[in-house]
> 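Attaching a single structure in structure tokens format; questions to follow.
Just so it is clear, the structure is predicted and the values come from calculations on it, not from any experiment. The sequence lines fix the lettering, A, B, ..., with proteins before strands; numbering per chain opens at 1.
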Protein chains: 2
Amino acid sequence: MDKDITIYDIAKELDLSPTTVSRALNDHPAVNKNTKQKICDIAAQMGYRSNIFASNLRKQRTNTIGVIVPRLNSPFMSSVMAGMEKEANNADYNLIITQSLETMQKEITNARTMFDSRVDGLLVSLAYETDTMDHFEPFISKGTPVIFYDRVIEHNQCTSIVIDNFQAAYKATCHLAKQGCKRILHLTANQKRNVYADRLKGYRYALIDNNLPFDESFVLITNLSEEAGVEAAQQILKMQPMPDGLFVSNDTAAVSCMRELQKAGIMIPDDIAVVGFNNDPISRVIEPNLTTVNYPGYEMGEVAVRSLIHHLNGLSDITITNTITLRSELIVRASSLRTKIE
Amino acid sequence: MDKDITIYDIAKELDLSPTTVSRALNDHPAVNKNTKQKICDIAAQMGYRSNIFASNLRKQRTNTIGVIVPRLNSPFMSSVMAGMEKEANNADYNLIITQSLETMQKEITNARTMFDSRVDGLLVSLAYETDTMDHFEPFISKGTPVIFYDRVIEHNQCTSIVIDNFQAAYKATCHLAKQGCKRILHLTANQKRNVYADRLKGYRYALIDNNLPFDESFVLITNLSEEAGVEAAQQILKMQPMPDGLFVSNDTAAVSCMRELQKAGIMIPDDIAVVGFNNDPISRVIEPNLTTVNYPGYEMGEVAVRSLIHHLNGLSDITITNTITLRSELIVRASSLRTKIE
DNA sequence: TTGTACGCGTTATCAA
DNA sequence: TTGATAACGCGTACAA
């Protein structure tokens, strides 16, 4: 339990002032080259480590970015985190990460923690049920930048980073229609969240543009978990006529739903064609391979952190940028490719 | 960009001393009930938020835990992170997370960052190539607890949290042997890491106990990526005689290897029986479903944080506890279950 | 080029 | 029960 070395210890050792030591250690130009060398040498030798708290307290800046994420353990979100960590690390920022576990209550608590931690900026993907933005106001009014990613919300002071969920869903649904599907069911989640609302919209417009009727009962709102996929399959099996196409808002639910349908003897894609969302690893493993939308999570994480840091460095202004949209694409695989069209 | 409210502002407002305000806000017993109420009320009203840095600086404690992880975006590691975050959140600790990306260089840099951030404790899973512990010494000599999880190393001051990799591999290999496999190949990773060294050992002992010969060329050391699985399959296809059993140290590589073998017309499990490791979601999706070792990542994360916090609170002493071993189990699925034994 | 002196916001100590 | 004061370690305006 050694005592920490401070700049005072170094100053005493070299008979200099703490000021000079501080300057030397921070590459301040106004310090003699030799002095600087001596200071750095002895600092290393004594095992000096700067005290971040004292420094932060003084500088009113933390070099820390707060991240609020619904869940850490999904393939998509863990890719996002990986991309964020890489960029933050490169720019010498730390990442404080918390999960809302899809509840607004935890999201509010997390925001408070982030605020108390004086993060320089905040990256947020909203929980399913969040329906107020009050917990982010303290950041806004303090001038701390807030960026939303994936599950975003319109806010005139915040940038959003998204993919074009409407377009992606539109294309996915059109693809199913082109494969001859007439009764396409959409399995998705809470309509409070842009990602799911936009996808539903894309689905509806695609139906219209393909002269297919919209049926309220063909939209299933769930939490998109593995279990939700199974339950959806059970509902689908009871429907008559059964849907002949399925557009699911994530791959987890798409795959579990497919498997449950297959267990019941449904042939995919011939009886029901299926499209998922995210391009998770399982989508490439399920048989038949799942058609899905490639969602560039890693890049989204990189872009989010990069934008935030740019803004913090005054190189850009996120209060002007409204939305950054990343490219996504439909990856067509066997689960939706019909050999013979009806 | 409002100015932050401090305890001085509150003190002035109520004509009290900052000391009393501080006490009231920290539930100190020696403060009048009414005074306390008044202080808390006005604090809330003024939007006071404690400055963590000032507090940390003064208390020499940060309520922050550092986590070093090889990669964030693997199903196993993201489960571990999720478990850690949950426990940390519950105990009012923050988590600073960094990835080493499997390089020792980054791991060292990360450790420095953590040290500078004055984390109260450090949780580490080692990179493939790490072969010195020097970067953790500063923590040890300062009395900051370090706990290793998953990829651990023997250290007389640190607890390790693991599963019994030897036993797990032993059982997996014996299972293959019982299925009639005579030539079992082991696909694994860098032997510097306990997890892979122990599994190789378990594999070897299982061979011995089943009267099967050990063949150096039947141990493939890779990075266990998806590509590595494909390359392994290509090597396997060239072998003669080909192996008839395959024990792979993670599911990612096991699955990609299986698929490549299947493409070449190999029947699984009849030509080659396969066992993976981790119980990732893909293991339940691949056909035939992959026999694998269930590795409780979420629990490992919880246990790691819980142990650390217990230690920090003086409720236990991790310098005494050598190792915490979590339960793991072989999950037998179709990829290794032979209908007819040779 | 170097140094003096103070403030960042909190908490611990001691005294009243 | 409350308050005055110092200290945590660093960075910076100002002075030399």
Side-chain angles (χ1 to χ4, degrees), chain A residues 1-40 42-43 46-64 92 115-120 142, chain B residues 1-40 42-43 46-64 92 115-120 142-144:
Chain A
M1 314 258 182
D2 311 347
K3 193 83 181 43
D4 284 344
I5 308 292
T6 74
I7 51 172
Y8 291 97
D9 300 324
I10 299 177
K12 203 167 290 173
E13 194 73 18
L14 292 173
D15 221 9
L16 286 167
S17 78
T19 309
T20 308
V21 175
S22 172
R23 286 192 184 119
L25 262 19
N26 288 294
D27 264 337
H28 190 103
V31 51
N32 184 289
K33 236 182 147 182
N34 297 328
T35 322
K36 184 175 157 185
Q37 189 59 51
K38 259 194 296 190
I39 291 174
C40 291
I42 206 143
M46 294 174 76
Y48 168 80
R49 306 268 63 209
S50 158
N51 184 314
I52 286 197
F53 298 107
S55 174
N56 285 346
L57 181 59
R58 192 55 240 248
K59 289 193 299 189
Q60 306 280 39
R61 202 171 179 215
T62 64
N63 261 256
T64 297
D92 265 318
F115 191 85
D116 289 351
S117 299
R118 300 287 199 278
V119 293
D120 289 341
K142 196 185 166 198
Chain B
M1 315 255 181
D2 309 349
K3 193 80 182 45
D4 285 344
I5 307 292
T6 73
I7 51 173
Y8 289 97
D9 300 325
I10 299 177
K12 203 166 290 172
E13 195 72 20
L14 293 173
D15 221 9
L16 287 167
S17 78
T19 309
T20 307
V21 175
S22 172
R23 285 194 185 116
L25 261 20
N26 288 292
D27 263 338
H28 190 105
V31 49
N32 183 290
K33 236 180 147 184
N34 297 328
T35 322
K36 184 173 154 185
Q37 189 59 52
K38 259 194 294 189
I39 292 174
C40 291
I42 206 143
M46 295 174 76
Y48 168 80
R49 305 267 63 207
S50 158
N51 184 313
I52 286 198
F53 297 107
S55 175
N56 285 346
L57 179 60
R58 191 57 243 240
K59 289 195 298 189
Q60 309 278 37
R61 202 169 182 225
T62 65
N63 261 258
T64 297
D92 264 317
F115 191 85
D116 288 352
S117 298
R118 301 284 199 280
V119 294
D120 289 341
K142 196 185 166 197
T144 301

> With a 4.0 Å cut-off on heavy atoms, is Phe53(A) in touch with a base, just the backbone sugar-phosphate, or nothing at all?
nothing

> At under 4.0 Å, does any side-chain N or O of Ser17(A) touch on OP1 or OP2 of dT2(C)?
no

> Map His28(A) and Ala54(A) onto DNA chain C by nearest heavy atom, then report which one ends up closer to the 5' terminus.
His28(A)

> Report the distance from atom CG of Leu57(A) to atom C1' of dC10(D), rounded to the nearest whole Å.
8 Å

> Can a side chain N or O of Tyr48(B) be found less than 4.0 Å away from OP1 or OP2 on dT10(C)?
yes

> Have a look at the helix from dT1(C)-dA16(D) to dA16(C)-dT1(D) and give the angle its two end axes make, five pairs each, rounded to 10 degrees.
30°

> I'd like a list of close polar pairs between nucleotides 12-14 of chain D and the protein, N/O only, cut-off under 3.5 Å.
from	atom 1	to	atom 2	distance (Å)
dT12(D)	O4	Thr19(A)	OG1	3.2

> Without decimals, in angstroms, what is the distance between Ile10(A) CD1 and dT2(C) P?
15 Å

> May I have the distance from Asn63(B) (atom CG) to dT10(C) (atom C1'), rounded to whole angstrom?
15 Å

> What is the nucleic acid contact for Asn26(A), judged by heavy atoms within less than 4.0 Å: base, sugar-phosphate only, or nothing?
sugar-phosphate

> Quick check on dT11(C): is either OP1 or OP2 less than 4.0 Å from any side-chain nitrogen or oxygen of Gln60(B)?
no

> Rounded to the nearest Å, what distance is computed from the CD1 atom of residue Ile52(A) to the P atom of nucleotide dG11(D)?
11 Å

> Looking at dT10(C), dC10(D), dT2(D), which one has an atom nearest to any side-chain atom of Val31(B)?
dT2(D)

> Find the distance Ile5(B):CD1 to dT10(C):P and express it as a whole number of Å.
10 Å

> Would one find a side-chain N or O of Thr20(A) under 4.0 angstrom from OP1 or OP2 of dT2(C)?
no

> In chain order, what residues pass the side chain to side chain contact (heavy atoms under 4.5 Å, CB included) check against Ser117(A), with sequence neighbours excluded?
Ile96(A), Thr113(A), Val119(A), Ile52(B), Asn94(B)

> Among the candidates dT1(D), dC10(D), dT10(C), find the nucleotide nearest to the side-chain atoms of Asn32(B).
dT1(D)

